[in-house]
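All chains are named by letter (A, B, ...) in the order of the sequence lines, taking the proteins before the strands, and each is independently numbered beginning at 1.
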Amino acid sequence: MQFSELCVALDALETNPSRIEKTKILSDVFRRVQGEEAGFTVYLLLGKLAPDYEGIEIGLGDKMIIKALSTASGATRDSVEKLYEKLGDLGLVAKTLLESKRGATLLDYVGGQRNPLNIQDLHAELLRIARTSGEGSQEEKIGLLTRLLSNSTPNEAKYIARMVSGDMRIGVAEPTIIDALASVYTQGDTSLIERAFNVSSDLGYVAKTLATGGVEGLRTIKVTPGRPLQPMLAERAASLEEIFERMGGRAALEYKYDGERMQAHYYDSQITLFSRRIENITHHYPDVASNLQEGINSKSYIVEGEIVAVDPETGEMLPFQELMHRRRKHGVKEAVKRYPARVVLFDVLYVDGVDYTSKPYLERRRKLEGIVKPSEFVVVSTATVADSVQRAQEFFDSAIDAGCEGIMAKTLDPSVGYQAGKRGYAWIKFKREYKSELTDTLDLVVVGGFYGKGRRAGKIGGYLMAAYNPSTDTYDTVCKVATGFSDQDLAEIPKLLEAYRIPQRHPQVNTKIEADIWYRPAVIFEIVGAELTVSPMHTAAYSKVREEKGLAVRFPRFTGNIRTDKSPTEATSVDELLEMYNSQLKRVEADGA
DNA sequence: TTTGCCTGCCC
DNA sequence: ATTCTGC
DNA sequence: GCAGAATGGGCAGGCAAA
């Protein structure tokens, strides 16, 4: 299939908000693509080149695409950036620039002199960009992209730019593609295709298999060590009561650890670790890999757990931030010593030829406990079964004492197995921060704004927030915030702030971050977050906790309250932030008392 | 050689 | 990660 | 309720500019 034909479908997908319509449009595409091409089509529709675990990255982000667009169109970098600010979408920028460009390219495509690309060619070209590395590679990548763009119509360039940026903006993700494949190959029955994707994590492969071998081909895709599954996901609950309502009065509870989720696959004496997004992370955690091989006595298995950083002296769990030092390619040996990791296992999906994903929670849990020989660095998650809110509360408190983020509740329903790829109420997470009475809100001053993208194009998409520092009479940044705003907020708030808009950073604003627009400190937003972290980017409480570092809010969001009753000097002060940070550190002891 | 921008991926 | 919105 | 989109802090690594 020609790329130009695919673009007709992409246009239709972009225009049609209805999922039913999108499914129809995609079905037509899948009826027309042949064999292997079906796989490439799926990857391109998703704005990627391969399944995540292949680790293939294009390595061109917004800034580099802007450079390429500037070269391809002859427009200055500045004018391309301006256009991007206005349109909020590099695809539209590409289209606009190429449309307004006169001369060679325009004549080329009008005269039909360009090389028509089919889907496979395009995929191959993008792959070439991805594989270009080393000295001079940035220029080469940009050159390859420029050539691709120059060989395209403006509308094709729109989608090429979006593919490279990894965001197609056509309202299509895996579930919609699965629906479309189902309507072509299984009379609309999604279950088989969905399952094939959820146990293989490679929708391109599923599509290719369907296109070459039909439904029969899918039967070879089953739970197999070495083939990563889509992880089962949890919904959230606002209270412990809600958990018991949803789970029928009784539930299994486990500590929820603040680390990195991991799926371990072992067979033929080989172990592979996958992250939550199905990246291969084996080389990050050689200690975890070997400890698992020692700690689990089976010929083959798939188990799931959370990797947490532990204090090398005391063995106590450390914050997520510490574990992040382990996400590295170089100096792994030293990092293993300096930031030891423990794996806390919480599920088993396969053991020695038996697929456990269809088995209920208690059976999986029993099996897990049966195969794991616990040690200092391999443990099974702390778990219990509870049938009262009071018991759950005690368990939750002990989880917080132990340094966890909260608890997970898991259904005991014997008819419910491990639901790969599904987010539902079979698993429910309940975090400390969801209990509003335990989470302090912050009153922070708006000091800057950032242009929005996509559906927030032409609006302010986020704000730069600061705390007040009375000793220097400055406003020191703590976070940006961009979530929690309704469409109405996004429309109204800029009007309110317009009166305070200034052309440059206000002299009292102390920041390392360059905002798109600046405000005089005046308006206060109420912000909530999960916790405070030590920050290299923010300036609040600078060098108070760590040299040359400030404090920042983890997972910040706007509560919907604008504190018109407060003046900016009444905002949360840096001393209050410090106090919060210190009490957060002491919380473990405080809660234990 | 060092610095800093940019990107991708954890949460 | 969290949150909002259209279907 | 699902699916999709838009956005957060912060880490390492690749590369180019200083």
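Each of A:Thr511, A:Asn510, A:Thr477, A:Asp476 was evaluated against A:His538; a single residue qualifies, A:Thr477, per the side chain to side chain donor-acceptor pair (under 3.5 Å) test.
In this structure, the side chains of A:Tyr84 and A:Ile65 stay at 4.5 Å or more apart for every pair of heavy atoms. The closest side-chain heavy-atom distance from A:Phe377 to A:Asp287 is not below 4.5 Å.
In this structure, the nucleotide among D:dT7, D:dG9, B:dC10 sitting nearest to the side chain of A:Lys453 is D:dT7. The side chain of A:Met64 approaches B:dT7 more closely than any other nucleotide in the set B:dT7, C:dT2, B:dC10. Set against D:dG9, C:dT5, C:dA1, the side chain of A:His538 has D:dG9 as its closest nucleotide. The A:Lys63 side chain lies nearest to B:dT7 when the options are B:dT7, C:dC7, B:dC11. You'll find that the side chain of A:Gln321 is closest to D:dC11, out of C:dA1, B:dC10, D:dC11. For A:Arg276, whose side chain is taken as the heavy atoms from C-beta onward, the closest listed nucleotide among D:dG4, C:dA1, D:dG9 is C:dA1. In this structure, of B:dC10, D:dT7, D:dG4, it is D:dT7 that holds the atom nearest to the side chain of A:Arg456. Proximity note for A:Glu57 (side chain, C-beta onward) versus D:dA3, B:dC9, D:dC11: the nearest is B:dC9. The A:Glu279 side chain lies nearest to B:dC9 when the options are B:dC9, C:dT5, B:dC11.
Contact check, A:Lys512 against D:dG9: no side-chain N or O comes under 4.0 Å of OP1 or OP2. The phosphate of D:dA6 (OP1 or OP2) has a side-chain N or O of A:Arg169 nearer than 4.0 angstrom. Using a 4.0 Å cut-off, no side-chain N or O of A:Ser486 falls inside it from OP1 or OP2 of C:dC4. Phosphate contact (OP1/OP2 of C:dT2, side-chain N/O of A:Tyr434, threshold under 4.0 Å): present. Not one side-chain nitrogen or oxygen of A:Arg557 sits closer than 4.0 Å to the OP1 or OP2 atom of C:dA1. Distances shorter than 4.0 Å separate some side-chain N or O of A:Thr176 from OP1 or OP2 on D:dG4. In terms of phosphate contacts, A:Ser535 brings a side-chain nitrogen or oxygen within less than 4.0 Å of OP1 or OP2 of D:dG10. Residue A:Arg246 places at least one side-chain N or O under 4.0 Å from the OP1 or OP2 atom of D:dG1.
Following rounding to the nearest Å, A:Lys459 (NZ) and D:dA5 (P) show an atom-to-atom distance of 16 Å. Between the OH atom of A:Tyr285 and the P atom of D:dA12 there is a distance of 11 Å, rounded to whole Å. To the nearest angstrom, P of D:dA6 lies 16 Å from CZ of A:Phe485. Taking atom CZ of A:Arg236 as the reference point, atom P of C:dA1 lies 10 Å away to the nearest angstrom.
Residue A:Glu235 holds its CD atom at 4.0 Å from OH of A:Tyr425, rounded to the nearest 0.5 Å.
Near DNA chain D, meaning a heavy atom under 4.0 Å from it, residues 476-484 of chain A has A:Cys479, A:Lys480, A:Ala482 in order of number.
Nearer the 5' end of DNA chain D, as judged by each residue's closest nucleotide, is the contact made by A:Ile513, out of A:His325 and A:Ile513. DNA chain D is contacted by both A:Gly452 and A:Arg423; A:Arg423 maps to the nucleotide lying nearer its 5′ end (nearest heavy atom per residue).
A:Gly529 comes within 4.0 angstrom of nothing in the nucleic acid, heavy atoms only. In this structure, A:Phe558 reaches neither bases nor backbone, as no heavy-atom distance under 4.0 Å exists between it and the strands shown. Residue A:Arg326 is classed as having no contact, given no heavy-atom separation below 4.0 Å to the nucleic acid. Looking at heavy-atom distances under 4.0 Å, A:Ile170 makes contact with sugar-phosphate atoms alone, never a base. No engagement by A:Gly462 is indicated, since no non-hydrogen atom pair under 4.0 Å with the nucleic acid exists. Among the heavy atoms of the strands lying under 4.0 Å from A:Lys431 are primed sugar atoms or P, OP1, OP2 only; no base atom is included.
Minimum heavy-atom separation, A:Ile271 to A:Thr282: O-CG2, 3.7 Å. In terms of heavy-atom proximity, A:Asp62 sits nearest to A:Lys453 at OD2-CE, 3.9 Å. Contact record, A:Tyr434 with A:Ala237: CD1-O, 3.4 Å, taken as the closest heavy-atom pair. A:Val42 and A:Gly204 make their closest contact through CG1-N, 3.7 Å (heavy atoms, listed as atom of the first residue, atom of the second, distance).
At a threshold of 4.0 Å, the pair A:Arg169-A:Glu14 does not count as salt-bridged, since none of the basic side-chain nitrogens sits closer than that to a carboxylate oxygen.
Under the 3.5 Å distance criterion, with hydrogens and angles disregarded, no donor-acceptor pair is assigned to the side chains of A:Asp78 and A:Thr76.
A donor-acceptor pair is defined here as one N or O able to donate and one able to accept, closer than 3.5 Å; such a pair exists between the side chain of A:Gln321 and the backbone of A:Val534.
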TODO: Under the side-chain contact (heavy atoms from CB on, under 4.5 Å) rule, what do A:Tyr463 and A:Val481 come out as? Steps first, then yes or no, please.
DONE: CA-CA 5 Å; A:Tyr463 295 95; A:Val481 64; 4.3 Å; yes
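For the P atom pair drawn from B:dT7 and C:dT2, the interatomic distance equals 26 Å after rounding to whole Å.
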- [ ] List the protein contact pattern of nucleotides 13-18 of chain D with one symbol per nucleotide (5' to 3'): B for base contact, S for sugar-phosphate-only contact, - for none; contact means a heavy-atom distance under 4.0 Å.
- [x] SSSS--
